[in-house]
Amino acid sequence: MAIQQGATNTFKVGMPNGDFDFGTDTFKIALYTASASIGPDTTAYTTDGEVVATGYTAGGETLTVSQAPTIGNQTGNATAYLSFSNVSWTSALTARGALIYKSGGSNPTVCVLDFGSDKTSTTTFTVQFPAVTSTAAIIRIS
């Protein structure tokens, strides 16, 4: 399947069921190589295709919610959005994509990120999230 970007089906069903709380739950981001097979049907964090490198720990890094779910100043059929602070690994590594998931329980998935190509660092690898707006935030629900 390769890496397919987007919200996972687990997240789409879990949100209205109350399975995700961006105020209290812990979320993590794990990095993956081009050999990974992750996408909308990925239900839980997996080590298959995860980056293996000195300075990288399986399971990835804990994310900090930088914008709790909000609709901002919109009216009518508004878009809800949320985001995370950028996250870095101080190591040389190559990654093709990432998986954001809720840490704990069955480690349910939120979304898959496809970097478009292999990204390589020689000192620090940073995942930089887009602007925190209703049209650009990493997670938007409309």
Side-chain angles (χ1 to χ4, degrees), residues 1-74 77-142:
M1 169 174 74
I3 295 176
Q4 286 185 282
Q5 180 161 307
T8 64
N9 296 330
T10 298
F11 181 66
K12 292 174 186 177
V13 171
M15 278 300 293
N17 286 331
D19 296 339
F20 297 91
D21 184 334
F22 289 91
T24 60
D25 291 339
T26 298
F27 293 88
K28 296 188 86 172
I29 184 170
L31 299 177
Y32 290 85
T33 66
S35 69
S37 182
I38 54 176
D41 293 327
T42 304
T43 58
Y45 159 74
T46 178
T47 58
D48 292 341
E50 190 172 9
V51 166
V52 175
T54 301
Y56 180 85
T57 303
E61 291 290 325
T62 299
L63 290 168
T64 300
V65 175
S66 63
Q67 174 62 63
T70 187
I71 59 167
N73 295 324
Q74 300 169 309
N77 190 16
T79 299
Y81 60 97
L82 64 108
S83 193
F84 303 99
S85 298
N86 296 342
V87 63
S88 297
W89 290 262
T90 53
S91 59
L93 58 87
T94 298
R96 177 65 166 78
L99 178 69
I100 295 176
Y101 66 98
K102 176 180 155 182
S103 181
S106 63
N107 294 320
T109 58
V110 173
C111 66
V112 174
L113 307 178
D114 180 353
F115 299 157
S117 63
D118 281 350
K119 303 298 180 189
T120 301
S121 73
T122 55
T123 56
T124 301
F125 190 96
T126 300
V127 174
Q128 183 176 7
F129 289 99
V132 184
T133 67
S134 64
T135 58
I138 192 68
I139 299 176
R140 299 180 308 273
I141 302 168
S142 55

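Remember, predicted model here, so these are calculated numbers, not experimental data.
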- Return each pair, listed once, that meets salt bridge (charged side-chain N to carboxylate O under 4.0 Å, His left out) where at least one residue sits in residues 86-98; pairs must be two or more places apart or across chains.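 Only R96-D114 qualify under salt bridge (charged side-chain N to carboxylate O under 4.0 Å, His left out).
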- Does anything in residues 6-27 pair up under salt bridge (charged side-chain N to carboxylate O under 4.0 Å, His left out), and if so which pairs, sequence neighbours excluded?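 Passing the test, one end in residues 6-27: D25-K102.
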- Partners meeting side-chain contact (heavy atoms from CB on, under 4.5 Å) with A68 (sequence neighbours left out):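 A68: no side-chain contact (heavy atoms from CB on, under 4.5 Å) contacts found.
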About how many Å separate [atom2] of [Y] and [atom1] of [X], when rounded to the nearest 0.5 Å?
{"X": "F20", "Y": "F27", "atom1": "CZ", "atom2": "CZ", "result": "6.5 Å"}
{"X": "L99", "Y": "T109", "atom1": "CG", "atom2": "OG1", "result": "6.0 Å"}
{"X": "F11", "Y": "I139", "atom1": "CZ", "atom2": "CD1", "result": "5.0 Å"}
{"X": "S117", "Y": "F115", "atom1": "OG", "atom2": "CZ", "result": "10.0 Å"}
{"X": "C111", "Y": "I138", "atom1": "SG", "atom2": "CD1", "result": "5.5 Å"}
{"X": "Q4", "Y": "D41", "atom1": "CD", "atom2": "CG", "result": "8.0 Å"}

- Task: State, yes or no, whether a side-chain contact exists between F22 and Q67 at a heavy-atom distance under 4.5 Å.
- Result: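 Side chain of F22 against side chain of Q67, heavy atoms only: no contact under 4.5 Å found.
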- Message: Is there a side-chain contact between Y32 and T46 in this structure, where contact means two heavy atoms from C-beta onward sitting under 4.5 Å apart?
- Response: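 A side-chain contact exists here, since the closest heavy-atom pair is under 4.5 Å.
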- Query: If you measure only the distance, is there a donor-acceptor pair under 3.5 Å linking the side chains of T33 and S35?
  - Reply: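 A donor-acceptor contact under 3.5 Å links the two side chains.
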Name the atoms and distances for all side-chain donor-acceptor pairs under 3.5 Å in residues 51-64, with sequence neighbours left out.
from, atom 1, to, atom 2, distance (Å)
Y56, OH, L31, N, 2.8
Y56, OH, E50, OE2, 2.7

- Query: Has the side chain of S121 got a donor or acceptor atom that lies under 3.5 Å from a matching backbone atom of S91?
  - Reply: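 Such a contact is found between S121 side chain and S91 backbone.
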Can you give me every donor-acceptor pair (side chain of residues 81-89, partner residue at least two apart or in another chain, under 3.5 Å) with its distance?
from, atom 1, to, atom 2, distance (Å)
N86, OD1, F129, N, 2.8
S88, OG, T126, OG1, 2.7

Determine the minimum heavy-atom distance between [X] and [Y], stating which atoms define it.
{"X": "S106", "Y": "A44", "answer": "O-CB, 3.2 Å"}
{"X": "G39", "Y": "T8", "answer": "O-CG2, 3.7 Å"}
{"X": "T79", "Y": "S134", "answer": "CG2-O, 3.6 Å"}

- State which residues pass ring-ring contact (aromatic ring centres under 6.0 Å, His included) with F125; sequence neighbours excluded, sorted by chain then number.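 If we apply the ring-ring contact (aromatic ring centres under 6.0 Å, His included) test to F125, skipping adjacent residues, there are no hits.
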